[in-house]
Asks: 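Sending over a structure as structure tokens; questions will come in a sec.
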Amino acid sequence: MFALVDCNNFYVSCERVFRASLANVPVVVLSNNDGCLISRSAEAKALGFQMGDPYFQVKPDLEYNKVRVFSSNYALYGDMSRRVMHYLASVAPTIEIYSIDECFLDLHGMNRYLHPNLAAFGAEVREQIRKRTKIPTCVGIAPTKTLAKLANRIAKKYPAMKGVCYLDTEEKRRKALELTAVGDVWGIGYQYALKLQAQGIRTAAQLTQQSESWARKFLGGVVGVRLLRELQGKVCHQLQPSEDGTLSRQSITYSRTFGTPLTAFSDVLGAVSAFTARAAEKLRRQGSAANTMSVFLSKDRFSLEPGPHSSSTVITLPVASSDTSDLIRLARTALKRLWQPGCVYKKAGVIFDGLETDGQQQLDLFAKVNVGEARDKLMKDLDKLNERFGSGAVTFASAFVKKGERPVWDSKADFKSSAYTTDWDELWCIT
DNA sequence: TCTGGGGTCCTAGGACCC
DNA sequence: TCTGGGGTCCTAGGACCC
């Protein structure tokens, strides 16, 4: 059996933990750059606000309905997430942190005398998380990950379930599949839902009636076959945990939309350098070095101008690296290649790919060994200083921003709550 | 004026090699 | 009209997820 624990409206729930005044009123949280709605309270959903609604379009509506609006505050959400996951790690033999607000538990081998009734176990988990963190959750328990996802949706949708849905019998599995629209199945997105509806397949139950060769043909090859089998209760996806429960990434990206569009090379270079530094930090944190680096620049993606709105270039490194100064130098080379004078740029990003374990690189025949070691030490010290004194305390010249000033590329975040739990300067004040 | 960001997996097709 | 057969590596693109 697998369980999926999913936090309800996670970002909104995090904001509510620290503000009693947000209870029972409509609340939404915006994406980066205050772009779209990405988390909505039940009250905001009831008013008709949709996931992904552009903020500028629904702003009058939000104001009219007195909806409380927040910019996203990842320092807060990340910290609350760690608390939830830390608890979950203590109750199941294996967990896989699937996203910031979802976690799979592998219940195989769980002590059957301690938890003879998994539905009661689910209820206990919910209650404990609520007590410890004030975050509301729902729990789905079923024989496969895909069915656990489905069970979780049902636990959310039907209040009578009291937040827990346990598909322990064939009868319940069948019922759950009949209650689920095909587009709500994990792995069926917009395109597949259209295709399926055209063939008269409306519910998950109807989907499971199809043959594997049909799934292979219409649902993306082996991916579709696995999906079908999982719905039928045959396990295809095991948990994939890493040591700390988080997945070790195969690629690492840092990209941002600029708060205001940029036209000067020096401004964009500053942004790309800063993004490179942040991505390199992520690289070192997971103990990786990158073999390739891509830099991309984007113009207005909603403009009707013909031609591509984005351009990118890939640089293959001579030796895999996680050294910020190396990488910034390459980023500058890449940027020069891409740069078109007179263009108005709205977004830039850096992607590291071809990751390998740092320190295992083939020796560069001409490198002076001492230089490499000194650099490693420098990067370690850099990370320590930034961890202790705050991100950006020590930076490279090309990414430098004066203390107290906001960089020209900085995203918009007009409605941000405090980092109550992670920043000494923003602790919760009781006045 | 304003429309996020960070990932995954899979397939197909081309280049190249023996 | 005929014009090998594998294998690998790389890239681009499509679909999905939260």
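Hydrogens, waters and symmetry mates play no part in the numbers below; they use all other heavy atoms, side chains included. Within every chain, numbering begins at 1; the chains are lettered A, B, ... in the order of the sequence lines, protein sequences first and strands thereafter. Remember, predicted model here, so these are calculated numbers, not experimental data.
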Asks: Flag the pair Tyr345(A) / Phe265(A) as yes when their ring centroid distance falls below 6.0 Å, and as no otherwise.
Replies: no

Asks: Does dC18(B) have a Watson-Crick or wobble partner in any strand here, with both distances under 3.5 angstrom, and which is it?
Replies: dG5(C)

Asks: Picking from dC2(B), dG6(B), dC10(B), which would you name as closest to the side chain of Lys412(A)?
Replies: dC2(B)

Asks: Report the relative orientation of the aromatic rings in Phe275(A) and Tyr254(A); use parallel for angles under 30°, tilted for 30 to 60°, perpendicular for over 60°.
Replies: tilted

Asks: Please classify the nucleic acid contact of Ile100(A) as base, sugar-phosphate, or nothing, using heavy-atom distances under 4.0 Å.
Replies: nothing

Asks: Starting at atom CD of Gln250(A), determine the distance to atom C1' of dG6(B), rounded to an integer number of angstrom.
Replies: 14 Å

Asks: Which whole-number value in Å describes the distance from Ile38(A) CD1 to dG6(B) C1'?
Replies: 12 Å

Asks: Out of dG5(B), dC2(B), dG7(B), which nucleotide sits closest to the side chain of Asn32(A)?
Replies: dG5(B)

Asks: Do the rings of Phe218(A) and Trp214(A) sit parallel, tilted or perpendicular, given the 30° and 60° boundaries?
Replies: tilted

Asks: Distance check: side-chain N/O of Ser99(A) vs OP1/OP2 of dC17(C), anything under 4.0 Å?
Replies: no

Asks: Using 4.0 Å as the upper bound for N to carboxylate O, is an ion pair formed by Arg68(A) and Glu15(A)?
Replies: no

Asks: Describe the nucleic acid contact of Ser251(A) in one word from base, sugar-phosphate, nothing, applying a heavy-atom distance below 4.0 Å.
Replies: sugar-phosphate

Asks: Could you tell me the separation between the CE atom of Met51(A) and the P atom of dT3(B), rounded to a whole number of Å?
Replies: 17 Å

Asks: Let's see if you can work this out: which of dC9(B), dA15(C), dC17(C) has an atom nearest to the side-chain heavy atoms of Tyr98(A)?
Replies: dC17(C)

Asks: By the 4.0 Å heavy-atom rule, please label Val29(A) as base, sugar-phosphate, or nothing.
Replies: nothing

Asks: Would you indicate which nucleotide in dG5(B), dT3(B), dC9(B) comes nearest to any side-chain atom of Cys36(A)?
Replies: dT3(B)

Asks: Does the Lys NZ or Arg CZ of Lys145(A) fall within the cation-pi geometry relative to Phe104(A) - under 6.0 Å from the ring centre and within 45° of the axis?
Replies: yes

Asks: Ile188(A) near the nucleic acid: base, sugar-phosphate alone, or nothing, with a heavy-atom cut-off under 4.0 Å?
Replies: sugar-phosphate

Asks: Atom CZ of Phe296(A) to atom P of dT11(C): distance rounded to whole Å?
Replies: 17 Å

Asks: Of all the nucleotides listed (dC17(C), dG6(B), dT3(B)), which has the minimum atom distance to the side chain of Gln57(A)?
Replies: dT3(B)

Asks: Looking only at side-chain atoms of Lys149(A), point me to the closest of dG6(B), dC18(C), dC16(C).
Replies: dC18(C)

Asks: Starting the side chain at C-beta, find the nucleotide from dC17(C), dG5(B), dC10(B) nearest to Trp186(A).
Replies: dC17(C)

Asks: For Gly220(A) and Asn33(A), take the nucleotide of DNA chain B holding the closest heavy atom to each; which residue's nucleotide lies nearer the 5' end?
Replies: Asn33(A)

Asks: Determine the interplanar angle of the Phe2(A) and His108(A) rings, folded into 0 to 90°, and report it as parallel if under 30°, tilted if 30 to 60°, perpendicular if over 60°.
Replies: perpendicular

Asks: Please give the distance between the P atoms of dC18(C) and dT3(B) as a whole number of Å.
Replies: 24 Å

Asks: To the nearest Å, give me how far apart CZ (Arg256(A)) and C1' (dT3(B)) are.
Replies: 16 Å

Asks: Which nucleotide in the set dC10(B), dT3(B), dG6(B) lies at the smallest distance from any side-chain heavy atom of Lys282(A)?
Replies: dG6(B)

Asks: Counting side-chain heavy atoms from C-beta on, which of dT3(B), dC10(B), dG6(B) comes nearest to Arg226(A)?
Replies: dC10(B)

Asks: May I have the distance from Lys347(A) (atom NZ) to dC2(B) (atom P), rounded to whole angstrom?
Replies: 15 Å

Asks: With a cut-off of less than 4.0 Å, is there a side-chain N or O of Thr253(A) near OP1 or OP2 of dG7(B)?
Replies: yes

Asks: Ignoring the backbone of Tyr254(A), work out which of dT3(B), dC16(C), dG6(B) is nearest its side chain.
Replies: dG6(B)

Asks: Contact class for Asp101(A) vs. all strands (heavy atom < 4.0 Å): base, sugar-phosphate, or nothing?
Replies: sugar-phosphate

Asks: Taking the six-membered ring for Trp, does Phe302(A) stack with dT3(B) (centroid gap under 5.5 Å, planes within less than 30°)?
Replies: yes

Asks: Expressed in angstrom and rounded to an integer, what is the separation of Phe258(A) atom CZ from dC2(B) atom P?
Replies: 14 Å

Asks: Would you find a donor on one side and an acceptor on the other, under 3.5 Å apart, between the side chain of Gln206(A) and the backbone of Thr203(A)?
Replies: yes

Asks: Across the strands shown, which category fits Lys59(A) at heavy-atom distances under 4.0 angstrom: base, sugar-phosphate, nothing?
Replies: nothing

Asks: To the nearest Å, how far apart are Ile351(A) CD1 and dG13(C) P?
Replies: 14 Å

